[in-house]
Number of protein chains: 2
Amino acid sequence: MPQDITCLIVDDHEVVREGLRLSLSRASHIRVVGEASDGASAVALTERRRPNVVIMDVRMPGMDGLQATREITAKVPESAVLLFTAHNERSLLGRGLEAGARGYILKEAPHQTLLRAIEKVAEGEGYVDPALMPSFLNSRDKEDMLTAREREILQLLADGMSNVEVAGKLFISQETVKSHVRHILAKLEADTRTHAVAIALRESIID
Amino acid sequence: MPQDITCLIVDDHEVVREGLRLSLSRASHIRVVGEASDGASAVALTERRRPNVVIMDVRMPGMDGLQATREITAKVPESAVLLFTAHNERSLLGRGLEAGARGYILKEAPHQTLLRAIEKVAEGEGYVDPALMPSFLNSRDKEDMLTAREREILQLLADGMSNVEVAGKLFISQETVKSHVRHILAKLEADTRTHAVAIALRESIID
DNA sequence: GACCGGATCCCCCAAAAGGGGCAGGAATGA
DNA sequence: TCATTCCTGCCCCTTTTGGGGGATCCGGTC
């Protein structure tokens, strides 16, 4: 490697930022050039410092990691975003890659794996945590097979709306809503709308 | 303080353990005497090392932090458990204190606050993150007003069970289940069982 | 042009859910 | 002892949901 890899750390938990800094300080060819604790300042800092890699948490207050990733890949395409997130947010992988992330690694990964992932994405390659592969095909095409409209309706169901209320909100017929809900249940293999919402919340398909 | 405070770090994410170790290494009167990455080894290690304070994550694979806290307070009452968890799990505060935790601090807290919390619980006092106070009265008495039976039923609703199925599972009448569900809806101020499950999942009342 | 997926809407019908009131028994605690 | 809470069960009734069958229209794609 001709020169150091420059890194930006983005996480709302100070203890995680400290841990990352400590991990990365052990690697002589990696240099941390900044830290941010929310999406907006992450974007701003990336524009100024233009790091090789942005290590980005997904769940953050304010602008979340996915939105920040979209803005960074649009404004600073030479900075590679490496999503760094917790076990229970695995299904965000699909949306993360859509948003333009170059890599996705779990917080529970040992730090050697993290270093390898940073090197990979800095070289322009992709990196996805191997632990995600099994659940990838399961949960991913679960989420993916839902259309935008179906996700929208599922979100409203999670807020306790009945078919009639959803119909009113979306200016469509109640029969149409029923039709969509039937499709959602079939696709998620759920018995009831309640089950579908529970699945979707657990898989982070909706919020 | 006559002698060092001994600490045990429990978190399933290596990066968090590293961050904690780094934070605590800056405080000369605090000594880390062990690390665990799951509840079971946390209990075992606490019994062997008998630290003054156990810094415990709540969400962990296998035995979770709450169960580990219960076992530690039962077996090693002289070790104080300080729960250390993320923003979105605030409603766990009530159950954490019930489980015997001496303190509760958010991962987003600055490390000076963390040090103060460690000192407090080591001295035998309680510590609750001030940031939790506003949401305490809101979400806490939402969760708290649910009885154990109601939480149990709510959990089954989240798995997509109908009233009849819940009744079969719990060996009670369907009418009783309907009665419980009505109470759940009223207490959570939910319009439908789907809404109730969504609220409960978001507030971490159920999993 | 033919085809397909997505969104929209309609019918029918059985089952489930929701809302109201009521009440007995057990356990807890004032 | 009395009050309270919780779990349990039952009645009534209306509304909602879920499952099945269709249909039309539109924007892509082959």
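Chain letters run A, B, ... following the sequence lines, proteins first and then strands; every chain starts at 1.
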Peer 1: Enumerate the protein-to-nucleotides 27-29 of chain D contacts in which both atoms are nitrogen or oxygen and the separation is below 3.5 Å.
Peer 2:
none

Peer 1: So if I take the C1' atoms of five pairs at each end of the helix from C/dG1-D/dC30 to C/dA30-D/dT1 and get each local axis, what angle do the two axes make, rounded to 10 degrees?
Peer 2: 50°
Peer 1: Could you walk me through whether B/S204 and B/R59 pass the side chain to side chain donor-acceptor pair (under 3.5 Å) check?
Peer 2: CA-CA 11 Å; B/S204 295; B/R59 289 234 167 120; 2.9 Å; yes
Peer 1: Is it true that B/D159 and A/R202 make a salt bridge, defined as a side-chain N closer than 4.0 Å to a carboxylate O?
Peer 2: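 Answer for the salt bridge query: yes.
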Peer 1: Please tell me if A/T176 has a side-chain N or O lying less than 4.0 Å from either OP1 or OP2 of C/dA7.
Peer 2: no
Peer 1: Assess whether a salt bridge exists between B/E119 and B/R116, defined as any Lys/Arg side-chain N lying under 4.0 Å from an Asp/Glu carboxylate O.
Peer 2: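 Here B/E119 does not pair with B/R116 in a salt bridge, since their nearest N and O are not under 4.0 Å apart.
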Peer 1: Kindly compute the distance separating CD (A/E71) from CE (A/M63), expressed to the nearest 0.5 Å.
Peer 2: 4.0 Å
Peer 1: Treat primed atoms plus P, OP1 and OP2 as sugar-phosphate and everything else as base, then score nucleotides 11-30 of chain C 5' to 3': B for base contact with protein heavy atoms under 4.0 Å, S for sugar-phosphate contact only, - for none.
Peer 2: B-----SBBBB---------
Peer 1: Nearest whole angstrom, please: distance from the C1' of C/dC9 to the CZ of A/F171.
Peer 2: 18 Å
Peer 1: Quick check on side-chain hydrogen bond (donor to acceptor under 3.5 Å, both in side chains): which of A/K178, A/R193, A/Q174 does A/N163 satisfy it with?
Peer 2: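 With A/N163 as partner, side-chain hydrogen bond (donor to acceptor under 3.5 Å, both in side chains) holds for just one option, A/R193.
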Peer 1: Could you tell me the separation between the OG1 atom of A/T46 and the CD atom of A/E78, rounded to the nearest 0.5 Å?
Peer 2: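 That separation rounds to 10.0 Å.
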Peer 1: For the pair made of NE2 in B/H195 and P in D/dT16, what is the distance, rounded to whole Å?
Peer 2: 17 Å
